[in-house]
Each structure stands twice: as C-alpha cells, then as structure tokens.
Amino acid sequence: MSKRDCNLIVVGAGSAGLIAALIGANARAKVTLIESHQMGGDCLNTGCVPSKTLIASANVAHTIRQSRKYGFSTEDFEVDFAKVRERIRDAIARIEPNDSVERYQQMGVDCLRGHARLVDPHCVLVDGREVSSTSIVLAIGAEPHLPPIPGLSESNPLTSENVWDLEELPNSLAVIGGGPIGCELAQAFSRLGSRVTLIEQLGRLLPGEDQEASSLIEQTFVAEGIDVQTGFSAKSCHNGRLTIENGGSSREVEFDRVLVATGRTPRGKDMGIEDVGVRLRPNQSIAVNDYMQTNIGSIYACGDVVGPHQFTHMAAQQGWYAAMNALLRPFWRFKLDSRIAPWAIFTDPEVARAGLDEQQLVDGGIPYEVTRYEFTDSDRAIAEGQTSGFVKLFTKKRSDQLLGACIVGAHAGDLIQGCIDSMTHGYGLNKVLSTLHVYPTRSEALRLAAGARRRRHMPERLARIAKRLNELRR
C-alpha cells in the first residue's frame, strides 16, 4: 500500500467539520480540512450567530414598547435597521477568529479552499489536486429548500442564507413555513416593525413540538400582531401577492418580500458521493450507523448532511464521534447515544425540549406520568414580568426517572440543561429535588416541579403515620 497524504480528510468547515478537524489535530494526526465557501459554515455566517443577534435586537425593541409595565413612560422610537445589520456583522467578526483558517493552521491542520469531489474511498479531488487519506469525514451541511411554488423563484425569495443581505427592513413580510426558523425570524422581523404574515400548511405552528408549546407560541404571535395562517398552503406567488389555500378557501397575502423557511436539504450534489458507493437515505441525507460510519468503511459523515436533528450542538457532537472513530478504526470505536437529543427554539417565550416527547411516549406504548409547573408561580418570573410558559416533565410510571422534558418560557434553552444532565447521568427527580438551587432564579422551577411530583407520590399510609407521630409528640 502506498503512503497516503494524511490520516484524516474533513470536507466542510462548519460546526461538525471544525470539531472533527480539531479532534484530529489534538490527536496529533495529520489533518486536511477542505471548505468551498466560508469557514464557520452556516452557524457562524447565516445561522445561529446572525439570527440570535437579530433576535436580541428585536427583543430590545419589544421591551421598549412594553416599558410602561416596568414603570417607564417612553416616547415613540425608531428602529435603525442599518445599525441592527452592523451589530450582526460585528457579532460574526468577534466570533470568526475561533473558526478561522489561521487558527486551524496554527494547530497543524492543512486548510484547503475549493470544491471537493470523492475519487475513491481514500481520495478527494480538490480543484484538480488529489489528496489521499486513511479516512474521510463528510461534514458538508444542508441548504434551504425552495418548494416548487409557481412564481416563487422569480419573486427574489429570502431564505435563512440570504436574509442577512437585506439593506432595508421590509414593510411587509410573508413567511412560508412555521417551523423553528420561520417562527424565530417571523417574530424578530415583526418586533423590528415589519407587518408579518406567517403561513404553515399543517394545523399548527411548530408541528414537531409539544401541542401546548405550539398553542402558546401561536397565541403570543397573534397577540403581537403577526397574521398567523395555519392549515394554509402557498399555491402561487406573483407581483407581490402570495395565494394561499386551505381546503376550498383561498386568500391573497400582499408582501414586499417573501421569506421561505420550509426546511433544509442535504448538500452533496456533484461530489461523487454515490459514485464511490456511499448510501443515501430517501431524503438525500447520508446514511450512517451509530458510529457515524457510512456503508463504506473509510468514510464517515456528520452534521446536517446526516441529521435527523439539524442543530449546531448535535453537529458538533457527531463531529467528535466521527473523527474519533475514523482515527481509531479498526481498533476501537465509540457509539453515539442520540436518545436525549436536546434543542431550543429561540422565540419569545423560548421552547426547549430533551428526550422523548409525549407523542413519542404514546406511540411507543411507554407508561409515563406528567408533572407540570407554571411560571406564573415562579417568584423570579413574577418579578421580571415574564410569567408566560411552563415546565412539563415526563417520568417513567411509578418512578422518578426522567424520560423527557419540555420547557416553554424565558431562558428555557438554559433551563433544559438540568433535564439533560438528569437523563445523561441517570439520576432522577428526587436527586433534583434534594439539590440546592439559588433563589430567586428560574432554575428553581425544576426543583419545584420535582417537589410537586414527590408530594403526589407520598404514600398515604406514611402520611397518616407522620401525622399520628406528630400528634403524640405534641
């Protein structure tokens, strides 16, 4: 066997690819990282960083409008969209060095710019240059899906990739798709001052989330003035008018710009993936096993091109497993446990979940109990004037073992970590209840929910004995 150029080729410098390259560099392997566009991938340039920066500015605008309830009288104010855009660019620029070519070259990673194409299970062609490796990790991501709506492509549609090129705030915005991206951006642009219509063809917003969470988000959006149209499908798009239908009824939505948020499709066209025998799923994602390995032993894949959960933290975790297993093959391997699979949606209120949801428990025939805690009972939430939302915990029947959790409310994405820790390390709600939590914080909600479950399960006989003992002691 001829000597290969490196131990590991990583194709794609997004969240999954950067972690894979980092792991390889830390293991003192010779790593080649290939990126055809921007280091940092979608998360840094068009995803998490710009969207959460936009949301933060939008939330400030909303708070100013709500300032009377905090004891302030404010005059009308204007949103300077140019300043908002500048703030987004500044946030990207501050984080960018962490994902830069310079940083990875300092680690010893050979960074190549160009389009990669698989030649065989051990070789990649990069703009005419062949690079060979013991193993290959594909972390090529996904891109926005544009549905085949007549007239849509001629209407200069916005997506999560090009919405950041907007120079002016649209007076009216039609958003097609009521999933996480559509809901986040719809609320953000509405709070910045756009007149927003949000269209979702299924019967509710966030159809993949808890029913109560979806209902609360929809109620919030309607109260904020967003025109929510669930159960409607977009049929045509012409001259600033979007025709939507629901059964036999139809209506027209006028817009200055239309934003499409109907999901993301895996990348990989013209890369020779199928030519070398890598198996794809029906949705064109790359099929992998629990070790992030494809059906071709030397080729691994991770991140959005694999799915099913297209989130940065999931991509990073998969990148770790892909790189470790690729480097240790065939001597050792690590199995990825994706049962917990947590995520958060950064609407206001936020929606966060981990583990199994109620529908999965029902479909799986798993006996379970539900414990709820409302933020209307939280001292911190009352003090902050943000009492919307709840904690919903799913435990195994007659056990304190946590099977899943859904939290809706301010900072839900932070609060869900307590549930993730419980499920990851195998301790139940009784341990959560016995753990000291700082007062007054929202994190107390988990402890108080655990306390509610404990009270509900206190044996009646033990309660009678305690009552009798205390009577005797008096």
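This is a predicted model, so every value here is computed, not measured. Numbers for residues simply follow the sequence, beginning at 1.
At least one side-chain heavy atom of His313 sits under 4.5 Å from a side-chain heavy atom of Trp343. Side-chain contact between Arg329 and Tyr300 is present, with at least one heavy-atom pair separated by less than 4.5 Å. By the 4.5 Å heavy-atom criterion applied to side chains, Leu22 and Trp320 are not counted as neighbours. The shortest side-chain heavy-atom distance between Val370 and Phe394 falls under the 4.5 Å cut-off. Between Gln360 and Ile366, every side-chain heavy-atom pair lies at or beyond the 4.5 Å cut-off. Between Ser36 and Val126, the closest side-chain pair of non-hydrogen atoms is not below 4.5 Å. In this structure, the side chains of Phe221 and Val196 stay at 4.5 Å or more apart for every pair of heavy atoms. A heavy-atom distance below 4.5 Å is not found between the side chains of Thr32 and Ser133.
Between the CG atom of Leu173 and the CD1 atom of Ile226 there is a distance of 10.0 Å, given to the nearest 0.5 Å. Atoms OG and CD1, from Ser51 and Ile88 in turn, are 9.0 Å apart once rounded to the nearest 0.5 Å. The CG atom of Asn162 sits 7.0 Å away from atom CG of Asn156, with the distance rounded to the nearest 0.5 Å. To the nearest 0.5 Å, the span separating CG on Leu403 from OH on Tyr368 amounts to 10.5 Å. Here OG of Ser172 is found 4.5 Å from CZ of Arg195. Values are rounded to the nearest 0.5 Å. With rounding to the nearest 0.5 angstrom, the SG atom of Cys406 is 9.5 Å from the CD atom of Glu358.
The main-chain N or O of His122 is never found under 3.5 Å from a side-chain atom of Ser298 such that the two would form a donor-acceptor pair. With Glu218 contributing its side chain and Arg204 its backbone, the two residues share no donor-acceptor pair below 3.5 Å. Panel note: side chain Gln318, backbone Gly307; a donor-acceptor pair is recorded below 3.5 Å. The backbone N or O of Pro207 sits nowhere less than 3.5 Å from a side-chain atom of Ser214 that would complete a donor-acceptor pair. Here the side chain of Arg281 pairs a donor or acceptor atom with the backbone of Val306 at under 3.5 angstrom. One N or O on the side chain of Asn45 and one on the backbone of Met39 form a donor-acceptor pair closer than 3.5 Å. The closest donor-acceptor contact from the side chain of Ser100 to the backbone of Pro97 lies under 3.5 Å. Checking side-chain atoms of Asp421 against main-chain N and O of Gly418 turns up no donor-acceptor pair under 3.5 Å. Between the Glu35 side chain and the Ala13 main chain, a donor and an acceptor come within less than 3.5 Å of each other. Panel note: side chain Ser15, backbone Thr312; no donor-acceptor pair is recorded below 3.5 Å.
Between Phe189 and Phe81, the angle of the ring planes lies from 30° to 60°, which puts this pair in the tilted group. Ring geometry, Trp332 versus Phe334: the interplanar angle exceeds 60°, so the pair is classed perpendicular (tilted spans 30 to 60°).
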Let's go through Ile244 and Arg251 carefully: what are the C-alpha distance in whole Å and the side-chain angles of both, what is the deciding distance for side chain to side chain contact (heavy atoms under 4.5 Å, CB included) to 0.1 Å, and is it a yes or a no?
CA-CA 6 Å; Ile244 60 176; Arg251 58 164 292 194; 3.5 Å; yes

Evaluate side chain to side chain contact (heavy atoms under 4.5 Å, CB included) for Ile176 paired with Gln201, printing each intermediate quantity in order.
CA-CA 9 Å; Ile176 304 175; Gln201 68 176 357; over 6 Å; no

Please walk me through it: do His238 and Thr243 pass side chain to side chain contact (heavy atoms under 4.5 Å, CB included)?
CA-CA 8 Å; His238 298 288; Thr243 302; over 6 Å; no

Show the numbers, then the answer: is there a side chain to side chain contact (heavy atoms under 4.5 Å, CB included) between Leu138 and Leu118?
CA-CA 10 Å; Leu138 300 176; Leu118 294 178; 4.2 Å; yes

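Nearest heavy atom pair, residue Leu152 against residue Pro157, reads O-CD, 3.3 Å. Minimum heavy-atom separation, Ala412 to Glu350: N-OE1, 3.2 Å. When all heavy atoms of Leu242 and Phe255 are compared, the pair lying nearest together is N-CE2, 3.7 Å. Between Val131 and Ile9, the shortest heavy-atom contact is O-CD1, 3.4 Å. Shortest non-hydrogen contact noted between His145 and Val260 is O-CG1, 3.7 Å. Contact record, Arg264 with Ser160: NH1-OG, 3.7 Å, taken as the closest heavy-atom pair.
The side-chain contact (heavy atoms from CB on, under 4.5 Å) test with Glu209 is passed by exactly one of Ile345, Asp357, Val408: Ile345.
Heavy atoms of other residues, nucleotides or ligands lying less than 6.0 angstrom from CZ of Arg339 number 12 at most. Within a 6.0 Å radius of CG in Asn239, no more than 12 heavy atoms belonging to other residues, nucleotides or ligands are found. Counting heavy atoms of neighbouring residues, nucleotides and ligands inside a 6.0 Å radius, atom NE2 of His309 exceeds 12 of them.
Take His411 and apply the side chain to side chain contact (heavy atoms under 4.5 Å, CB included) test, not counting sequence neighbours, and it matches Asp414, Arg442. Legend: residues meeting salt bridge (Lys or Arg N to Asp or Glu O under 4.0 Å) with Arg117, ordered by chain and number and at least two apart, are Asp275.
Side chains of Asn98 and Arg103: no donor on one and acceptor on the other come within 3.5 Å. Using a 3.5 Å distance cut-off with no hydrogens or angles, the side chains of Asp5 and Ser132 do pair a donor with an acceptor.
In summary, Arg267 and Asp42 engage in a salt bridge, as defined by a charged side-chain N under 4.0 Å from a carboxylate O. A salt bridge does not link Asp210 to Arg353: none of the charged nitrogens lies less than 4.0 Å from a carboxylate oxygen. For Lys52 and Glu184, the salt-bridge test passes: some basic side-chain N is under 4.0 Å from an acidic carboxylate O. Using a 4.0 Å cut-off between charged side-chain N and carboxylate O, Glu224 and Arg191 make a salt bridge.
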